[in-house]
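Quick notes on the structure that follows.
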Amino acid sequence: MSQITFHGHAGFEIEGPQHRIIIDPFLTGNPLADVEPGSLSEIDAVLLTHGHGDHLGDGIEIAKSHDAVVVAPFELAGFCESKGCKVHPMHIGGQYDFPFARVKMVVAFHGGGVAGDESGQYSTFPCGYVLTVDGTSIYHAGDTALMLEMQLLKGKVDMMLVPIGDNFTMGIDDAARAVEFVEPKVVIPMHWNTFDLITVDSDDFVKAVGSTAVVQVLKPGDSYPLSVGSH
Ligand code: NI
Ligand code: MN
């Protein structure tokens, strides 16, 4: 059964019929992570939304040890390639049909630094992803502010993964507004409670979303089926 598993912070593993994808695998140093990078099942692709340490995380090591392809914005892909990874660069607005998913890279309003890039030459534009796996479309918003661009996704998303922790990204009120913009069937909060600065109560998010969508709060290690029906 195709499913999505939360690994804490913005990290998700998506298991399709034949492949396994991991997004923003920040495991080492993540106080909420439920797994260590070494104990993951076989991964086919590592998707990165941006280069901050809490997203790039263990991505390079996981990609190399699993011989998985790194999908990332062009500049961040270049950095991962310089570290020995197999990469597939993309950029905002582009879509590509991979064996593991149809992947569209969408905009996110955030910072472009790349952790570990001493030279600064790989500064990148952050992104979100709309993935289609086993007929279900999943929007991982990345680290972002609320933005009108989200309205372009209205009616195209079954499951939305949205940051709620405030300070570095949207907080609860803006995240609830984002859900109104996108109108997914199911919304899963992310990017909260990992650090003191992003501590919020997910129950407040559930209340703020109300009947707009089903809010599924996952604890690290929890899985949820992808079969929420497709648009
Ligand atoms: Ni960030
Ligand atoms: Mn972050």
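First listed ligand is number 1; within each ligand, the first listed atom is number 1.
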Please report the C-alpha distance between Phe168 and Leu197 in whole Å, then the side-chain angles of each, then the deciding distance to 0.1 Å, and finally whether the side chain to side chain contact (heavy atoms under 4.5 Å, CB included) criterion is met. CA-CA 9 Å; Phe168 297 114; Leu197 271 175; 3.9 Å; yes

Pair Ile138-Leu161, side chain to side chain contact (heavy atoms under 4.5 Å, CB included): steps then yes or no: CA-CA 8 Å; Ile138 305 154; Leu161 317 176; 3.9 Å; yes

Applying side chain to side chain contact (heavy atoms under 4.5 Å, CB included), run through Tyr129 and Thr49 and close with a yes or a no. CA-CA 8 Å; Tyr129 289 101; Thr49 63; 4.0 Å; yes

Checking His191 against Asp143 for the side-chain hydrogen bond (donor to acceptor under 3.5 Å, both in side chains) test, could you report, in this order, the C-alpha distance in whole Å, the side-chain angles of both residues, the deciding distance, and whether it holds? CA-CA 8 Å; His191 212 274; Asp143 275 5; 3.0 Å; yes

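Remark: Trp192 CH2 to Asp166 CG distance equals 14.0 Å, nearest 0.5 Å. Separation of atoms CD (Glu15) and OG (Ser223) is listed at 8.0 Å; rounding is to 0.5 Å.
Asp158 and Ser137 share a side-chain donor-acceptor pair at under 3.5 Å.
Screening the protein for N, O or S atoms under 2.8 Å from the Mn ion (ligand 2) yields 4; no waters enter the count.
Using cut-offs of 30° and 60° on the angle between ring planes, the pair His9 and His55 is tilted. Using a 30° and 60° split on the angle between ring planes, Phe98 and Phe100 fall in the parallel class, below 30°.
Within the protein, the N, O or S atoms lying under 2.8 Å from the Ni ion (ligand 1) are His50 NE2, His52 ND1, His110 NE2, Asp143 OD2.
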